[in-house]
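Following: one structure in structure tokens, then a few remarks.
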There are 4 protein chains.
Amino acid sequence: MPTSSSSGPQHRRGNTRQRIQDIALELFAEQGYEKTSLREIAERLDVTKAALYYHFKTKEDIIISLFEDVTRPIDELIAWADAQPRTLETKREVLRRYSEAMAAGAPLYRFMQENQATTRELSIGHTVKTRLFHLVELLRTQDGALADQVRCVSALFTLHAGMMFLQHIDGDPEETRRAALEVATDLITQAHHDA
Amino acid sequence: MPTSSSSGPQHRRGNTRQRIQDIALELFAEQGYEKTSLREIAERLDVTKAALYYHFKTKEDIIISLFEDVTRPIDELIAWADAQPRTLETKREVLRRYSEAMAAGAPLYRFMQENQATTRELSIGHTVKTRLFHLVELLRTQDGALADQVRCVSALFTLHAGMMFLQHIDGDPEETRRAALEVATDLITQAHHDA
Amino acid sequence: MPTSSSSGPQHRRGNTRQRIQDIALELFAEQGYEKTSLREIAERLDVTKAALYYHFKTKEDIIISLFEDVTRPIDELIAWADAQPRTLETKREVLRRYSEAMAAGAPLYRFMQENQATTRELSIGHTVKTRLFHLVELLRTQDGALADQVRCVSALFTLHAGMMFLQHIDGDPEETRRAALEVATDLITQAHHDA
Amino acid sequence: MPTSSSSGPQHRRGNTRQRIQDIALELFAEQGYEKTSLREIAERLDVTKAALYYHFKTKEDIIISLFEDVTRPIDELIAWADAQPRTLETKREVLRRYSEAMAAGAPLYRFMQENQATTRELSIGHTVKTRLFHLVELLRTQDGALADQVRCVSALFTLHAGMMFLQHIDGDPEETRRAALEVATDLITQAHHDA
DNA sequence: GATGAATGAGCGTTCATTCAT
DNA sequence: AATGAATGAACGCTCATTCAT
């Protein structure tokens with residue numbers, strides 16, 4: 001019921017909305033969206049299910065609100081990149097920023113990575129997909145060899161891999177992130193030079 | 001004289017089990033595991049839900065049976081590779097065979113890719129993860145630079161990316177698969193030479 | 001110099017109670033009592049649900065308040081008729097006035113007609129029923145033939161029918177009302193003469 | 001473990017569907033459709049709510065199934081009447097048959113009468129309304145005086161009134177029904193002769 | 001004169017699963 | 001080899017209502 005103001009601090013007393021988002025994200029990332037019930041979220045917050053409905057109209061609304069926070073930086077990145085010349089340096093900057101955005105919104109990106117099927121069926125699914133395609137388009141070396149096209153996509157996937165997979169192996173996530181960024185940058189550089 | 005002929009009333013034989021698996025895989029890949037109900041599967045097959053329970057003890061059993069078919073080739077690949085010297089050529093062969101195995105079991109790989117959270121929580125989850133780590137181990141350049149380690153993981157992810165993502169963009173899947181394989185091979189080659 | 005002007009912030013004054021009643025009646029008549037939620041009423045008024053509770057103790061209280069306005073004329077009619085001799089002319093006057101009362105409170109009468117079950121279970125249900133029986137008693141030709149008794153009840157129903165049903169068919173409601181009144185009057189006249 | 005050791009017969013056999021319909025109709029007529037919950041119906045039958053869903057797809061489906069049984073005779077009546085000349089005798093026969101149909105399906109007709117708003121919003125609502133209009137059309141004296149049109153509608157309403165209202169007053173329902181039929185017949189006769 | 005935040009009860013519905021036949 | 005009938009648990013959601021502010 002409270003209007004989701006675009007920005008500005010919500011009445012701090014009513015931090016319940018925020019708490020719902022936090023716990024929900026945690027549980028969604030841990031167990032998946034459909035396996036997480038509203039009862040579970042409510043219990044964790046020590047409120048009733050009905051209280052959730054005061055703050056969000058549906059279960060899907062909760063996850064959508066999480067996506068909104070996280071995709072704004074990507075939208076800005078895309079807007080910025082669209083206005084730049086499609087040089088190698090621009091592409092590198094895109095990867096750099098994307099990597100940072102991912103690090104900042106890690107839990108939700110993890111959720112997206114591990115629940116692609118769910119994400120796709122959600123109402124934001126289309127948007128997410130479109131954005132990803134747009135990013136690929138920004139990196140892609142048009143009319144290049146097929147292998148080079150793959151390299152551009154792979155660069156993006158490498159960033160994801162760096163965050164998701166390697167975090168289980170190595171110690172410092174930040175170091176790993178930079179290594180992944182390096183590899184990704186190598187990939188697009190190679191694709192760029194082939195053209 | 002006993003009737004040796006097998007011309008009795010056409011018994012559709014034990015193909016129902018197979019049909020369940022086919023439809024289930026199709027639906028799981030399309031909508032995810034938890035969003036696919038046994039009712040839906042049964043309806044598609046024009047049998048009752050109870051019939052599914054004649055062939056499989058639980059819903060999870062159905063998906064486990066699908067995994068079994070598909071992971072056998074990977075187990076064999078791992079067994080083979082473990083017996084080889086860890087040369088670059090061996091690694092290339094591993095990627096080659098893995099790529100082929102993925103192509104052969106595409107729908108289930110797609111399911112795994114898009115439902116990682118679900119897969120993880122399934123009873124086969126641990127096995128799948130272990131196998132994947134094992135594969136990474138086979139490709140990895142131990143004690144190399146972090147970036148090279150990333151490259152090895154990225155090689156595997158590139159194969160997935162090639163299958164999942166690019167199939168929406170390009171025409172011929174086989175051509176795309178080979179391009180992805182090429183890029184993946186490049187990645188491990190580079191990692192290997194750095195060492 | 002004190003501002004004598006009345007151009008301050010428009011205080012809608014105590015008209016909110018009235019507005020609640022208006023919207024509530026509209027919605028109750030349109031969708032029924034139980035299908036109309038307080039949330040809906042509040043939204044239509046652009047206030048919160050809690051505001052409704054400032055003006056009415058319960059949901060039922062809202063509808064009771066509506067009934068009160070509308071049944072007062074009927075109570076007066078009954079009181080008047082009880083003091084008259086039970087002549088044909090009195091009966092005619094009862095029908096005439098009842099028809100007018102219905103026309104004046106049309107929406108609520110429509111609600112009553114279409115939600116008899118609900119009305120019956122409401123706390124005013126008994127009162128409404130009693131009043132109706134009382135009216136019938138006023139019109140009835142005691143100890144007459146059964147058919148004549150039916151005619152008296154039917155006269156009342158005809159008035160309702162005229163308002164509810166025919167309004168969908170014909171143009172001018174007032175004309176229809178008078179026609180229904182004519183038929184109803186005929187019915188009691190006939191019953192009266194038979195006796 | 002619901003072995004409540006109640007003395008009931010172990011094999012309820014295939015009569016459950018029927019039992020659901022019976023109890024549902026009883027409760028719907030008594031308390032209205034929306035005030036009757038599936039829990040209540042199930043409890044009365046000593047089964048679980050889920051059992052209802054084996055037999056009916058939705059709550060609305062239950063009531064629709066009840067309507068189907070009851071409106072078939074009306075459809076047949078309309079079909080028959082449409083094929084007859086629109087004489088007074090035909091009209092009388094329509095009323096006669098309609099009155100009988102109502103008596104046969106009394107509980108549902110009572111439900112319809114007392115829950116018109118609900119009925120209207122149900123998926124069968126439109127059908128019911130259409131049928132009623134069709135009946136009126138069959139009885140109506142086209143281009144006659146407005147009062148005569150009212151008489152025809154009133155004839156139908158009188159039948160309803162006879163069943164619903166008078167049953168509370170008098171003893172023998174069958175006798176009352178015939179009296180109502182007589183009055184209704186009078187009404188259309190009068191309308192017919194005026195023309 | 002009204003809101004923000006929440007509750008407790010209940011609803012219709014769906015699910016995986018069972019078992020006698 | 002499969003069905004008919006049912007269950008128990010849970011789910012997402014809505015409702016009328018309360019109360020401190």
Side-chain angles (χ1 to χ4, degrees), chain A residues 1-2 10-11 13-17 34-42 45-62, chain B residues 11-17 34-42 45-62, chain C residues 11-17 34-42 45 47-62, chain D residues 1-2 10-17 34-42 45-62:
Chain A
M1 176 56 150
Q10 283 292 108
H11 291 322
R13 235 325 176 235
N15 62 339
T16 302
R17 196 188 142 94
E34 25 259 324
K35 294 244 296 184
T36 303
S37 71
L38 295 184
R39 179 184 51 70
E40 209 175 346
I41 298 176
L45 289 166
D46 206 41
V47 295
T48 61
K49 274 190 290 172
L52 306 183
Y53 279 91
Y54 178 76
H55 296 281
F56 296 94
K57 256 180 52 178
T58 64
K59 185 187 180 187
E60 196 172 341
D61 250 41
I62 298 179
Chain B
H11 31 278
R12 287 108 137 212
R13 259 221 8 222
N15 70 332
T16 298
R17 197 188 141 93
E34 26 259 323
K35 294 246 295 185
T36 302
S37 69
L38 295 186
R39 177 182 52 68
E40 208 174 348
I41 297 174
L45 289 166
D46 209 41
V47 295
T48 61
K49 274 186 292 175
L52 305 183
Y53 279 90
Y54 179 81
H55 294 283
F56 296 94
K57 253 182 58 172
T58 65
K59 185 187 181 186
E60 197 172 338
D61 254 38
I62 297 179
Chain C
H11 33 276
R12 288 108 135 210
R13 255 220 11 220
N15 67 334
T16 298
R17 198 189 140 91
E34 25 259 323
K35 295 246 296 185
T36 302
S37 68
L38 295 185
R39 178 183 52 69
E40 208 175 347
I41 297 175
L45 288 166
V47 295
T48 61
K49 272 186 293 173
L52 305 183
Y53 280 89
Y54 179 81
H55 294 283
F56 296 94
K57 256 182 55 173
T58 66
K59 186 187 182 187
E60 198 172 338
D61 254 40
I62 298 179
Chain D
M1 354 138 208
Q10 265 314 91
H11 39 47
R12 272 90 155 245
R13 285 282 308 275
N15 64 335
T16 301
R17 197 188 142 94
E34 26 260 322
K35 295 244 298 184
T36 302
S37 71
L38 294 184
R39 179 185 51 70
E40 212 175 343
I41 297 175
L45 289 166
D46 206 41
V47 295
T48 62
K49 273 192 290 173
L52 305 183
Y53 279 90
Y54 178 76
H55 296 282
F56 297 94
K57 257 180 54 178
T58 64
K59 186 187 180 187
E60 197 172 339
D61 250 42
I62 298 179

Subject >> Minimal non-hydrogen separation, A/Tyr53 against A/Thr58, with atom names >> reply: CE2-CA, 4.1 Å
Original post:
Atom CG of A/Leu45 and atom P of E/dT7: how far apart are they, to the nearest Å?
Top reply: 10 Å
**OP:** Using only side-chain N and O atoms of C/His55, determine if any of them is under 4.0 Å from OP1 or OP2 of E/dA2.
**Re:** yes
Original post:
For the residue pair C/Leu52 and C/Leu38, what are the closest heavy atoms and their distance?
Top reply: CD1-O, 3.6 Å
**OP:** Identify the two heavy atoms, one from A/Glu40 and one from A/Lys35, that lie closest to each other, and give their separation to 0.1 Å.
**Re:** OE1-O, 3.9 Å
Original post:
Do you know the tightest heavy-atom contact between D/Ile62 and D/Phe56?
Top reply: CG1-CG, 3.6 Å
Original post:
If you find the nucleotide of DNA chain E closest to C/Arg17 and the one closest to A/Leu52, which residue's nucleotide is nearer the 5' end?
Top reply: C/Arg17
Subject >> Atom of C/His55, atom of C/Arg17 and distance for their closest heavy-atom approach >> reply: O-NH1, 3.5 Å
Subject >> Spatial distance of atom NZ (C/Lys49) from atom CZ (C/Arg39) [nearest 0.5 Å] >> reply: 8.0 Å
**OP:** Would you please confirm or rule out a distance under 4.0 Å between OP1 or OP2 of F/dA6 and any side-chain N or O of D/Tyr54?
**Re:** no
Between the protein and nucleotides 14-18 of chain E, are there any N/O to N/O pairs under 3.5 Å, and if so, what are the atom names and distances?
from	atom 1	to	atom 2	distance (Å)
E/dC15	OP2	B/Arg39	NE	3.1
E/dC15	OP2	B/Arg39	NH2	3.0
E/dA16	OP1	B/Lys59	NZ	2.8
E/dA16	OP2	B/Leu38	N	2.9
E/dT17	OP2	B/Tyr53	OH	2.9
E/dT17	OP2	B/Lys59	N	2.8
E/dT17	O5'	B/Tyr53	OH	3.2
E/dT17	O4	B/Lys49	NZ	3.3

Original post:
For the pair made of CZ in A/Phe56 and C1' in E/dA6, what is the distance, rounded to whole Å?
Top reply: 15 Å
Subject >> Donor-acceptor contact present, side-chain A/Lys59 to main-chain A/Thr36, <3.5 Å >> reply: yes
Original post:
Atom CD of D/Glu40 and atom P of E/dA9: how far apart are they, to the nearest Å?
Top reply: 18 Å
Original post:
Between A/Val47 and C/Ala51, which is nearer to the 5' end of DNA chain E once each is assigned its nearest nucleotide?
Top reply: C/Ala51
**OP:** Could you tell me which non-hydrogen atom of B/Ala42 sits nearest to which non-hydrogen atom of B/Thr48, and how far apart they are?
**Re:** CB-C, 3.8 Å
Subject >> Nearest-angstrom distance from the residue atom CG of D/Asp46 to C1' of F/dA6 >> reply: 12 Å
Original post:
For B/Thr16 and F/dA1, is the shortest distance between a side-chain N/O and OP1 or OP2 below 4.0 Å?
Top reply: no
**OP:** Please give the angle, rounded to 10 degrees, between the axes at the start and the end of the helix from E/dA2-F/dT21 to E/dT21-F/dA2, where five pairs define each axis.
**Re:** 20°
